[in-house]
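So the structure is just underneath, and the comments pick up after that.
Throughout, residue positions are numbered sequentially from 1 according to the sequence presented.
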Amino acid sequence: MCGRCGKFDPDSPLYTPPPTIPCLACGGDVDPATGICRDCGASAFAPVGTKAEADSEGRN
């Protein structure tokens, strides 16, 4: 992820946009950092590294 290839530069022909996560409640886009739908505010998943995320995987 050094960015030297241009993969993360929107002006580069090699740019690869980040994948979108569809909301199961409304079909909108989910923010990958927070897990909250940008359109309806529903929680699609707990952010990585949170206690809620650990509890959902059976780790305490």
Self-check item: Non-hydrogen atoms of D31 and R38 that approach each other most closely
Solution: OD1-NH2, 3.4 Å

Quiz item: When rounded to the nearest 0.5 angstrom, what is the spacing between CG in L24 and SG in C40?
Solution: 10.0 Å

Self-check item: D39 CG to C26 SG distance, which is reported to the nearest 0.5 Å
Solution: 5.0 Å

Quiz item: Would you say the side chain of T16 lies within less than 4.5 Å of the side chain of F8, judging by non-hydrogen atoms?
Solution: no

Practice problem: To the nearest 0.5 angstrom, please state how far the CD1 atom of I21 sits from the CG atom of D29. | Solution: 9.0 Å

Practice problem: Taking all non-hydrogen atoms of both residues into account, name the closest pair between I36 and G41 and its distance. | Solution: CG2-O, 3.6 Å

Exercise. List the atom of C5, the atom of L14, and the distance in Å for their closest heavy-atom pair.
Key: O-CD1, 3.0 Å

